[in-house]
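Just so you know, ligand 1 is whichever comes first in the structure, and atom 1 is the first atom listed for that ligand. Residue numbers run from 1 in the order of the sequence given. Note that the structure is predicted; figures quoted are calculated from it, not measured.
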Amino acid sequence: GVLAIDHVGVASADLNDSLAFYRELLGLVETHRESNEDQQVVEVMLAAPGHKSSDRSNETEPATQLQLLAPLSADSTVAKFLDRSGPGMHHLALRVSDIQATSDRLLARGLRLLYPQPRAGTAGSMINFIHPKDAGGVLVELVQPARS
Ligand code: MC0
């Protein structure tokens with residue numbers, strides 16, 4: 001099932017501007033940065049100070065994070081989103097314990113997932129997406145974290 005709200009993805013046309021806002025002005029802490037060639041994005045993860053979001057050693061789930069997304073190419077999904085909608089909220093990611101089991105349950109209900117099999121997400125995670133038209137207008141990402 002769903003363990004937590006993993007992150008909220010925000011599409012950014014300029015990572016430096018977004019970091020000036022969220023990191024410098026608001027004091028969020030950068031926890032991770034990665035280029036994902038498959039998704040054609042650069043992503044920066046930010047957490048509230050005091051949360052060690054990469055620490056999975058304790059019992060509690062890591063904090064919900066903010067994921068800034070900037071396109072790596074003009075034909076990427078995030079570039080297309082920026083062209084159409086401008087910068088802003090892009091997706092809601094739910095952390096699941098078993099992405100295959102959750103996917104099977106959704107597919108059995110007739111919902112569309114974007115990929116036939118999970119793909120590589122941030123920090124070794126496995127990800128898939130529910131089509132926004134089957135999720136009340138929200139692009140919902142399913143993310144199964146890498147085992148620690
Ligand atoms: C498009 N639509 C959205 C949307 N993007 N609705 C809500 N949120 C979004 N982000 C709407 C469009 O406005 C349109 O509605 C309808 O969905 C279908 O649009 P389309 O033109 O057929 O499709 P596209 O080409 O815009 O693609 C949308 C789609 C695409 C969701 C399929 O963005 C996609 O494949 N996304 C999954 C991959 C992704 O987003 N990667 C970046 C994050 P109307 O009403 O106009 O018909 S990668 C990531 O997050 C990784 C690093 C991680 O977390 O680990």
*Not counting sequence neighbours, which residues clear side-chain hydrogen bond (donor to acceptor under 3.5 Å, both in side chains) with H90? List them please.*
none
Present, as a list of atom pairs with distances to 0.1 Å, all nitrogen or oxygen contacts under 3.5 Å between ligand 1 and the protein.
from     : atom 1 : to   : atom 2 : distance (Å)
ligand 1 : 10 (N) : H90  : O      : 3.0
ligand 1 : 15 (O) : K133 : NZ     : 3.1
ligand 1 : 21 (O) : R84  : NH1    : 3.3
ligand 1 : 25 (O) : K80  : NZ     : 2.5
ligand 1 : 26 (O) : R84  : NH2    : 2.4
ligand 1 : 41 (N) : Q39  : OE1    : 2.9
ligand 1 : 41 (N) : T77  : OG1    : 3.3
ligand 1 : 45 (O) : K133 : NZ     : 2.6
ligand 1 : 50 (O) : Q67  : OE1    : 3.3
ligand 1 : 50 (O) : H91  : NE2    : 3.4
ligand 1 : 50 (O) : E141 : OE1    : 3.2
ligand 1 : 54 (O) : H7   : NE2    : 3.3
ligand 1 : 54 (O) : Q67  : OE1    : 3.4
ligand 1 : 54 (O) : Q67  : NE2    : 3.0
ligand 1 : 54 (O) : E141 : OE1    : 3.1
ligand 1 : 54 (O) : E141 : OE2    : 2.9
ligand 1 : 55 (O) : T122 : N      : 2.8

*Return yes when atom CD1 of I5 has more than 12 non-hydrogen atoms of other residues, nucleotides or ligands closer than 6.0 Å, and no otherwise.*
no
Any side-chain donor near an acceptor of the partner, [X] and [Y], under 3.5 Å:
X	Y	result
Q67	H91	yes
S125	Q144	no
Q100	D104	yes

*Should R23 and E30 be marked as a salt bridge (Lys or Arg N to Asp or Glu O under 4.0 Å) after you check the CA-CA gap, both sets of side-chain angles, and the distance that decides it?*
CA-CA 7 Å; R23 201 178 53 189; E30 182 174 332; 2.7 Å; yes
